[in-house]
Enquirer: 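Let me give you the structure first, and then I'll get to my questions.
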2 protein chains.
Amino acid sequence: MIQKKITIKDIARKANVSIATVSNVLNNKGRVSTKTANKIKQIIEQDGYTPNLSARSLKNKNSHLLSVIVPYLHKGEFQDKPYFWQVITGIESGARNENFHVMLTGISDDENLSFIEERHLDGIIVIGIDKNSNLLEKIINLNKPCVFMDSYLDDEKLYQVHSNDRLGGYLGTKHLISLGYNKIILISGITGKIKKQSGVDYQRYLGYRQALAEARIPYSDQLVFEEGQTMVNGYYSAQKILGCLDDNTAIFVLSDIGAMGLIRGLNELGVTVPTDISVMGYDDIFYTNYMVPSLTTIKQDIFNKGQKAIDLLLAQIKGNSLEERKISLPVELRIRESTIKRSR
Amino acid sequence: MIQKKITIKDIARKANVSIATVSNVLNNKGRVSTKTANKIKQIIEQDGYTPNLSARSLKNKNSHLLSVIVPYLHKGEFQDKPYFWQVITGIESGARNENFHVMLTGISDDENLSFIEERHLDGIIVIGIDKNSNLLEKIINLNKPCVFMDSYLDDEKLYQVHSNDRLGGYLGTKHLISLGYNKIILISGITGKIKKQSGVDYQRYLGYRQALAEARIPYSDQLVFEEGQTMVNGYYSAQKILGCLDDNTAIFVLSDIGAMGLIRGLNELGVTVPTDISVMGYDDIFYTNYMVPSLTTIKQDIFNKGQKAIDLLLAQIKGNSLEERKISLPVELRIRESTIKRSR
DNA sequence: TTGTATGCGTTATCAT
DNA sequence: ATGATAACGCATACAA
């Protein structure tokens with residue numbers, strides 16, 4: 001039952017050629033007559049030979065394996081992050097097209113990256129890393145093909161993909177202002193990022209400020225809340241902002257998931273969206289259009305973002321030089337039911 | 001800059017021993033004096049040596065790599081399946097604890113499984129495969145450690161994990177009946193499964209029938225709808241069932257995601273949940289508790305289910321014989337806002 | 001155009 | 001207790 005795996009040696013014997021010739025056929029190195037090539041191909045087909053990737057990897061020092069790394073995502077925390085799923089889905093899809101496989105790797109606190117070298121990974125994609133973290137330094141020192149998503153790193157040498165977060169923050173804020181509100185609460189999804197002036201949330205915050213400035217609405221620190229990035233965090237922030245609410249107020253949450261939690265939280269406090277208050281989110285994850293009320297949000301094409309990242313990564317791996325190492329994708333305002341015109 | 005990777009040979013030279021000794025230390029084969037062992041360990045630590053897994057894999061024919069396979073999940077379809085993500089999160093978490101990595105692999109139509117052997121994968125976990133598919137046969141023929149989730153396969157030799165779906169169907173139906181309804185619409189998430197009498201949905205259907213029978217409510221084929229398993233499918237089923245609704249009616253959707261879509265669809269048709277009609281879901285994905293209205297559902301501990309699967313798989317890989325090859329996990333009714341007592 | 005021989009880094013068998 | 005060496009399956013430099 002346990003049949004030994006077929007190797008190029010077996011194929012070579014059967015075809016009365018040397019293993020080198022078989023190898024050449026396998027890798028399309030030319031230098032083989034079409035006649036013997038065909039014979040060999042046929043035998044390969046017939047016997048269902050497939051290469052041993054471990055051996056190949058040992059020899060070539062590559063693996064056709066990639067890894068997606070999400071820093072500071074602890075065990076079990078993947079489940080309520082639809083944004084990540086969507087990115088990863090895009091990555092996996094693009095990778096599969098090019099015969100690469102994707103490993104899903106949460107990074108624990110120990111920040112142990114040894115598996116990247118041990119497994120001869122061909123490249124990695126890092127989502128949302130902080131520009132001052134020492135994990136970043138570790139990763140750069142690996143000297144592996146790498147793409148950073150949603151990270152806003154200063155180093156011009158690094159390959160990066162993100163959407164136009166500043167514009168997103170601007171468009172969202174402007175939308176709320178245009179509805180007649182002049183007190184816009186901003187709820188950030190990632191704690192401390194705005195203060196540390198880094199990451200996507202800071203960019204969105206800059207857009208927020210720009211829109212305020214254009215409308216000549218004075219900025220107030222009191223209206224900016226930095227909560228965590230989960231649904232539960234959004235839920236609890238309802239209580240914190242309850243005191244701020246009046247007819248003039250609208251809320252911009254920098255993630256859909258946070259907005260969902262917030263809406264639920266407000267609801268339990270007797271505040272209904274959008275009749276009592278307008279709330280908008282950010283990301284346009286799959287569910288926003290099906291909520292009741294459906295959620296006004298900033299749409300980014302998350303799936304496409306994942307694909308762009310994999311494109312960048314594969315280009316590096318294949319050694320194609322790229323003009324532009326930084327890709328910024330468009331964003332778009334999606335007006336739905338959760339935001340309405342100010343009534344009075 | 002490109003420093004060659006440190007190998008066992010380098011360590012051996014530095015320690016004035018042979019590579020065999022280093023290898024023995026590495027693998028705790030004993031037969032090495034504690035003195036030299038310690039010296040070697042120190043050098044390993046100092047130089048930051050990590051083993052080359054490709055070489056190891058070539059030699060040992062294993063890889064410490066697992067794969068999760070979701071049949072018939074096409075490219076890009078991962079994103080709106082919170083259930084899968086939750087399972088996978090559990091799997092990844094359990095794997096990481098045991099130093100295994102997880103590859104995420106959607107299977108395309110060609111059903112090409114060659115990567116499993118090519119990469120010397122140590123095992124695979126398959127979610128929701130049909131008992132009559134030829135993919136199943138292919139997988140069994142691989143003769144690899146394998147765990148099937150949510151599949152209800154007859155072969156007693158196979159390792160399987162699922163929750164008590166029949167009970168779930170029963171509890172949900174009974175709940176709706178107990179609220180005073182005697183016309184229970186059942187919306188299945190997977191097309192054709194009930195007719196083909198296979199899979200989780202068929203089990204839940206059996207529970208549904210059992211609950212009806214106990215309550216002496218006649219069963220009607222007209223009330224059972226087989227839609228697809230996405231949110232959009234749930235959304236469109238609203239129109240299809242609109243004609244069936246009356247004061248006596250409640251709806252049991254066999255997935256939360258479908259229930260969400262349905263509730264939205266009903267809403268657009270002027271039907272409000274729960275005041276106009278009670279709707280319940282199945283799975284208890286992370287969002288159900290935060291919806292407005294929150295969703296009554298059948299809770300299964302999805303994360304735990306993933307962990308149980310990985311436990312079963314690792315036991316096989318390590319050659320531990322197991323008494324019980326089939327694990328059935330409990331389910332639980334979670335009553336929330338989307339179902340209310342019949343008013344008249 | 002094809003074959004021979006070597007090495008990738010590891011484990012394991014057999015000596016010493 | 002330790003060392004020499006073969007083997008895993010493949011790719012490639014070099015020879016023929």
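Residue numbers start from 1 in every chain, and the chains themselves are labelled A, B, ... in the order their sequence lines are given, proteins ahead of strands. Atoms considered below: every heavy atom in the structure, side chains included; atoms not considered: hydrogens, waters and symmetry mates.
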Enquirer: Checking A/Lys308 now: which residues fulfil salt bridge (Lys or Arg N to Asp or Glu O under 4.0 Å) with it, not counting sequence neighbours?
Expert: none
Enquirer: Could you identify which residues of residues 38-63 of chain A place a heavy atom less than 4.0 Å from some atom of DNA chain D, listed by residue number, or say none?
Expert: A/Tyr49, A/Pro51, A/Asn52, A/Ala55, A/Arg56, A/Lys59, A/Asn60
Enquirer: Over how many whole Å does the gap from B/Lys35 atom NZ to D/dA1 atom P extend?
Expert: 13 Å
Enquirer: Between A/Ser151 and A/Ile129 (side chain of the first, backbone of the second, donor and acceptor by atom type, cut-off under 3.5 Å), is there such a pair?
Expert: yes
Enquirer: Counting only side-chain nitrogens and oxygens, does A/Ser18 get under 4.0 Å of the OP1 or OP2 atom of C/dT4?
Expert: no
Enquirer: Under a 4.0 Å threshold between the charged nitrogen and the carboxylate oxygen, would A/Glu92 count as salt-bridged to A/Arg96?
Expert: yes
Enquirer: Quick one: on DNA chain D, does B/His120 or B/Ala37 contact a more 5' nucleotide (nearest heavy atom)?
Expert: B/Ala37
Enquirer: Could you check whether A/Thr7 gets within reach of a base, just the sugar-phosphate, or nothing at all, counting any heavy atom under 4.0 Å?
Expert: sugar-phosphate
Enquirer: Grab the CD1-P distance between A/Ile8 and C/dA5 for me, whole Å please.
Expert: 16 Å
Enquirer: Decide yes or no for A/Ile302 and A/Trp85: does some side-chain heavy atom of the first lie under 4.5 Å from some side-chain heavy atom of the second?
Expert: no
Enquirer: Shortest non-hydrogen contact from A/Ser57 to B/Ser54?
Expert: OG-OG, 2.6 Å
Enquirer: Measure from CG on A/Asn24 to P on C/dT1 and round the result to the nearest Å.
Expert: 11 Å
Enquirer: Among D/dG3, C/dT4, C/dT10, which is the nearest nucleotide to the side chain of A/Ala20?
Expert: C/dT4
Enquirer: Is B/Asn27 near enough to C/dT11 that one of its side-chain N or O atoms lies under 4.0 angstrom from OP1 or OP2?
Expert: yes
Enquirer: Just by modelled atom types, is the B/Thr7 backbone N or O under 3.5 Å from a matching donor or acceptor in the B/Asp10 side chain?
Expert: yes
Enquirer: Starting from the first five and the last five pairs of the helix from C/dT1-D/dA16 to C/dT16-D/dA1, work out the angle between the resulting helix axes, to 10 degrees.
Expert: 40°
Enquirer: B/Gln300 and side-chain hydrogen bond (donor to acceptor under 3.5 Å, both in side chains): which partner among B/His162, B/Lys305, B/Gln86?
Expert: B/Lys305
Enquirer: Do B/Arg325 side-chain atoms and B/Lys157 backbone N/O form a donor-acceptor pair below 3.5 Å?
Expert: yes
Enquirer: Is there a side-chain contact between B/Ser23 and the phosphate of C/dT11, meaning an N or O under 4.0 Å from OP1 or OP2?
Expert: yes
Enquirer: Rounded to the nearest Å, what distance is computed from the NZ atom of residue A/Lys5 to the C1' atom of nucleotide D/dG9?
Expert: 9 Å
Enquirer: Nearest-nucleotide wise, let me know which of B/Lys9 and A/Thr34 is further upstream toward the 5' end of DNA chain C.
Expert: A/Thr34
Enquirer: Check this for me: does any side-chain nitrogen of one of B/Lys318 and B/Glu98 sit under 4.0 Å from a carboxylate oxygen of the other?
Expert: yes
Enquirer: Rounding to a whole Å, what distance do you find between B/Ile19:CD1 and C/dC8:P?
Expert: 11 Å
Enquirer: Please report, rounded to the nearest Å, how far the P atom of D/dA11 is from the CD1 atom of A/Ile11.
Expert: 13 Å
Enquirer: Can you see if the side chain of A/Ser33 gets near the phosphate of C/dT2 - specifically, an N or O under 4.0 Å from OP1 or OP2?
Expert: yes
